[in-house]
Amino acid sequence: MKKVRSPKALQAEMRRVHSKGKTIGFVPTMGALHPGHISLVEAARQENDIVVASIFVNPTQFGPKEDLKKYPRTLNSDLQMLRQAKTDYVFTPTAEDIYPEGFSTYIEVESPKDQPALSHILCGKYRPGHFRGVATVVTKLFSIVQPDRAYFGAKDYQQAAIIRRLIEDLNLGIDLKVMPTVREADGIAMSSRNRYLNPEERQRALALSRTLFWMRERILKQRGNLAGIRKEGIQRLKPSVDAIDYLEIVDPFNLQSLTRFQPEMVLLTACYVGKTRLIDNVIMRASKKGRG
Ligand code: AMP
């Protein structure tokens, strides 16, 4: 595995890879890797000649009061995990490499007419500027790595939807692969931020996945009553979490809240447990008849 820090050097290396007719699969991460990240590397390994992962804690996607400074950094164990998963290149730029003096171009994913912008709803509402930072860094990473395929987790459902839009709108010609959320045995979604949780908080954090799974069951049974089920979901979350940013039932494509049952829906939540903000979601597909 080759570790590359400089954007220019990696870009040149990727051009050489392409000139040999090889395909490139890319997995962007912020490090503090866990099996969820590695599932993306494994998918990339299966479908491409060359696998590139990046580790970059992107300052522009953190708000002024967010956890940029204390975000977990575990480079040595990250490198070991990536090596084990047979990654070919790991890109580890510094903030100055990505945002040099004078940097002033940002990417903002807005929305078609008459709809709130994808970047400004759900997490975008509670983390102003977050998706602008994500879209900007991902566009930069794409132009450095020039991947054929890029691998993202369904765990960050809204992020994947925004990147899908961005790839299409900017004609990037990258095949976006969104891989299923990897969970711990008890159902909690794996996340780098789970490291912040003390044992008592870790137990309470189970409420997110449990509530989403419970809602999915109820919706599949009732095939309606979304407002009532959402309300009850909030009641179920409340005793365990310290604050609820949102709990929503949305359309999988435009992420708008739904009032009526439809065959494909996504249930999404963001909650604080202690000082840690956690997100989770469940994608549901109901069969035409009976339970999905
Ligand atoms: P992060 O390092 O949190 O920015 O995540 C990097 C990539 O890994 C993103 O595409 C995430 O959606 C994905 N990811 C994070 N957690 C999981 C998980 N539990 N299962 C699958 N993918 C994940």
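Read the numbers this way: they start at 1 and go in the same order the structure lists the ligands and their atoms.
Of all protein heavy atoms, the one closest to atom 10 (O) of ligand 1 is Gly153 N, 2.9 Å. The nearest heavy-atom contact from the protein to atom 16 (N) of ligand 1 is His34 CE1, 3.3 Å. Of all protein heavy atoms, the one lying nearest to atom 11 (C) of ligand 1 is Asp156 OD2, 3.1 Å. Protein heavy atom in closest approach to atom 4 (O) of ligand 1: Met30 CG, 3.5 Å. Protein heavy atom in closest approach to atom 5 (O) of ligand 1: His37 NE2, 3.4 Å.
Cation-pi geometry between Lys2 and Phe91 is not satisfied (NZ or CZ under 6.0 Å from the ring centre, within 45° of the ring normal).
Judged by the shortest distance from any of its heavy atoms, Met179 lies outside the 4.0 Å radius around the atoms of ligand 1. Using a 4.0 Å heavy-atom cutoff, Ala32 is absent from the residues neighbouring ligand 1. Within the 4.0 Å heavy-atom cutoff, Pro28 counts among the residues contacting ligand 1.
A donor-acceptor contact closer than 3.5 angstrom is absent between the side chains of Thr269 and Tyr246. The closest side-chain donor-acceptor pair between His37 and Glu42, if any, does not fall under 3.5 angstrom. With no hydrogens or angles considered, no side-chain donor-acceptor pair links Asp175 and Tyr151 at under 3.5 Å. Side-chain contact, Arg149 with Asn48: a donor N or O sits under 3.5 Å from an acceptor N or O.
Polar contact with ligand 1: present for Val182 (N/O pair, distance under 3.5 Å). The shortest N or O to N or O distance between Met190 and ligand 1 is under 3.5 Å.
For ligand 1, the atoms closer than 4.0 angstrom to any heavy atom of Thr29 are 2 (O), 6 (C). Close approach to Leu40 involves these atoms of ligand 1, each under 4.0 Å from a residue heavy atom: 7 (C), 8 (O), 10 (O), 13 (C).
For the side chain to side chain donor-acceptor pair (under 3.5 Å) criterion with His120, the lone passing option out of Glu110, Glu108, Lys125 is Glu108.
Under the 30°/60° scheme for interplanar angles, the aromatic rings of Tyr71 and Phe62 are found to stand perpendicular.
Using a 4.0 Å cut-off between heavy atoms, Pro180 contacts ligand 1 through its backbone alone, with no side-chain atom that close.
Placement of Phe142 and Val137 within a single hydrophobic cluster is found when ILVMFWY residues are connected by side-chain heavy-atom separations under 4.5 Å, directly or transitively.
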Could you walk me through whether Tyr272 and Asp245 pass side chain to side chain donor-acceptor pair (under 3.5 Å), step by step?
CA-CA 8 Å; Tyr272 281 87; Asp245 272 358; 4.6 Å; no
